[in-house]
Amino acid sequence: MENMKFENLDLSREIKQAIADMGFEEPSPIQAQAIPHILAGKDIIGQAQTGTGKTAAFGIPVLDMVNEKDSSVQAVILCPTRELAIQVAGELGKLAKYKKNVRTLPVYGGQPIDRQIKALKKGVQIVIGTPGRVMDHMNRNTLKLGNVKMMVLDEADEMLDMGFREDIETILQELPEKRQTTFFSATMPKAILNLTKKYQKNPELVKVVRKALTVPNIEQFYIETKSKNKSDVLSRLIDIYNPKLSVIFCNTKRKVDELVSELQSRGYFADALHGDLKQSQRDNVMGKFRNGTIEILVATDVAARGIDVDDVECVFNYDVPQDDEYYVHRIGRTGRAGRAGRAFSFVSGKKEIYKLRDIQKYTKANMKRHDIPSLSDVEEIKTGVFLEKVKNVIEEGHLTNQVNFLEKLMEEYTSLDIAAALLKMSMGDQNKEEIKEDLFEDTGAESGMVRLFINIGRKQNIRPKDILGAIAGETGIPGKLIGTIDIYDGYTFVEVPREHANDVLAVMKNNTIKGKTINIEPANKK
Ligand code: ADP
Ligand code: MG
């Protein structure tokens, strides 16, 4: 692993402060390698798998390189979809928190163009957009590219897959000759190499290679859950498996701190281990963990590198790790010295599912799906543990005083009723709600609507009326209730009213459109 620090990079105070606020502990490998080249003005091709922090790898240097005093467009970032444009704009917005004079603007189809034109007129240094909408603004002359010094193609492989090559070339040709061009991509197909030959100058290939890894032989599970339910799910797993010691990994220092407060307020003996702690504080935390005063250690990857405690029974990946190597290091904290261990990875959203699948494929890890434990699972197990304790107390004896008190109560109630009441009182409030997993949250649709993904598109000659006809025809929902239909090369998004979403999914799943069997699922904003 790289040991580069953000401190060692030649970045402004404002950016460093924003990075610290975001809780990033150290640059990811692609960031450590790409940022210095970009700051030095070089053209680069950045290749690293998904989820490795490519956005900040270009976002950080771009933000530091634009001239705040000049309000013309100086950087253009192209992204394949509106979701990604919004996401990249969001990440840049956070990184630009202390750069009050840098303005960024996402431009994408589906949003009224007038609003974007107005914003562009006010002066924007960094435009983040989909190729189609960027071209649209170029044609209307509402986006002037004469001062552009930097061009970023994010998720370049995906853009080419979606058929944007011509648009991208048109945009690149409109840009000033003297500019920096960077490509970021998870894969490097030939089509990208052709583009780089044509439009980049002596590009540096910055590639984060995967190392061969051996996954320790421990039981590995993954659990699909919404982000907001993660801490509930975590508590249930801890209650059920009742590990003597466990380590929970989060991707940022901030998450570590948040989770520790949450666990402590729920009564768990948990504490944090991350890079903001002084050496003496870390030693203190580790000491307590070793002797069991702390049962749950919540840590970042960096801080946990040296953890060598033998009886860690469970590792939880509260966030999916940023790369394969982290995964292997993390789960290697358990199952040490020949003991049994379990690792649980939480995934929320499609992007994380894909990332975990990728890790699984590459590390050849065998991960089994684990259901979210239900309340009755937790109750049954907790009660079992409690009754075991009751048995021990009975066997130890010395209960004369208590027996005397109970005899009075026995004149009115049976011993079984009394025992049941005592059990209820000591097990606490069991009337908590089941964890609700809403399939249709965050699909990025208009309110009242749900956005669905269908795996066929333009390449299969699909037109809006085919989608409309199929859904209306098969489900009986009036066509006029069906909302926006966005058709891309390989897939389609369609919005349907929320109350009909379940029916549409049930009826359309594995059904055919234009003779092709389709897959349909809720779209994911992430
Ligand atoms: P990619 O574009 O490579 O798929 P992203 O840029 O979307 O990955 O980053 C994935 C996640 O990792 C984001 O939530 C981002 O905020 C987070 N992230 C990026 N850099 C770091 C870092 N140095 N430390 C911790 N988290 C990071
Ligand atoms: Mg990305």
Side-chain angles (χ1 to χ4, degrees), residues 1-9 11 15-16 18-35 45-63 77-97 106 128 130 152-159 182-188 206-208 210 227 249-257 274-276 299-304 317-327 330 346-359 524-526:
M1 285 182 218
E2 307 294 319
N3 282 315
M4 162 87 79
K5 298 247 180 316
F6 280 115
E7 280 306 311
N8 304 132
L9 290 167
L11 300 171
I15 283 280
K16 283 184 181 161
I19 292 170
D21 286 5
M22 287 166 83
F24 293 0
E25 188 141 52
E26 68 174 26
S28 67
I30 186 74
Q31 291 164 2
Q33 292 184 47
I35 293 174
I45 310 170
Q47 183 187 354
Q49 64 189 110
T50 175
T52 50
K54 293 192 287 296
T55 316
F58 59 77
I60 289 170
V62 166
L63 283 168
I77 299 167
L78 290 184
C79 302
T81 61
R82 86 170 177 185
E83 281 75 19
L84 284 167
I86 293 169
Q87 204 173 298
V88 168
E91 184 103 340
L92 258 65
K94 282 188 230 157
L95 288 165
K97 181 171 170 193
I128 302 136
T130 50
V152 178
L153 273 85
D154 188 24
E155 316 280 355
D157 48 357
E158 210 169 309
M159 281 202 281
T182 55
F183 284 62
F184 279 86
S185 193
T187 59
M188 275 300 147
V206 177
K207 185 173 170 178
V208 176
R210 306 179 187 232
S227 303
F249 286 94
C250 300
N251 287 355
T252 64
K253 294 184 270 197
R254 206 212 254 169
K255 269 268 190 65
V256 166
D257 285 334
H274 60 56
D276 279 355
T300 55
D301 291 285
V302 182
N317 292 316
Y318 198 72
D319 296 322
V320 176
Q322 281 202 295
D323 85 28
D324 316 323
E325 215 178 324
Y326 287 176
Y327 180 81
R330 285 179 179 190
F346 290 1
V347 284
S348 57
K350 256 187 213 109
K351 198 176 166 190
E352 289 191 0
I353 292 176
Y354 291 145
K355 194 158 125 193
L356 196 72
R357 229 180 258 167
D358 211 36
I359 293 175
N524 202 303
K525 226 167 51 177
K526 281 164 219 146

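Numbers here are sequence positions counted from 1. What you are looking at is a predicted structure, and each value in this text was computed from that prediction instead of being measured. Just so you know, ligand 1 is whichever comes first in the structure, and atom 1 is the first atom listed for that ligand.
Under the 4.0 angstrom criterion for non-hydrogen atoms, Met22 is not in contact with ligand 1.
In terms of protein heavy-atom proximity, atom 6 (O) of ligand 1 is closest to Thr55 OG1, 2.6 Å. Scanning the protein for heavy atoms near atom 23 (N) of ligand 1, the closest one is Glu26 O, 2.9 Å.
In terms of the salt bridge (Lys or Arg N to Asp or Glu O under 4.0 Å) criterion, residue partners of Asp319 (sequence neighbours excluded) are, by chain and number, Lys230, Lys255.
Each of the atoms 2 (O) of ligand 1 lies under 4.0 Å from some heavy atom of Glu155. Within ligand 1, counting atoms from 1 as listed, the ones closer than 4.0 Å to a heavy atom of Asn251 are 25 (C).
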Q) Going through the distances and angles, do Gln49 and Asp324 end up as a side chain to side chain contact (heavy atoms under 4.5 Å, CB included)? A) CA-CA 10 Å; Gln49 64 189 110; Asp324 316 323; 3.4 Å; yes
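Ligand 1 has no nitrogen or oxygen under 3.5 angstrom from a nitrogen or oxygen of Glu25. Residue contacts with ligand 1: Lys54 is placed with a nitrogen or oxygen under 3.5 Å of a nitrogen or oxygen of the ligand (distance criterion only). On a distance-only criterion, Phe6 and ligand 1 share no N/O pair closer than 3.5 Å.
Counting only protein N, O or S atoms, the number found under 2.8 Å from the Mg ion (ligand 2) is 1.
Using modelled atom types, one finds no donor on one side chain facing an acceptor on the other under 3.5 Å when comparing Ser28 with Thr52.
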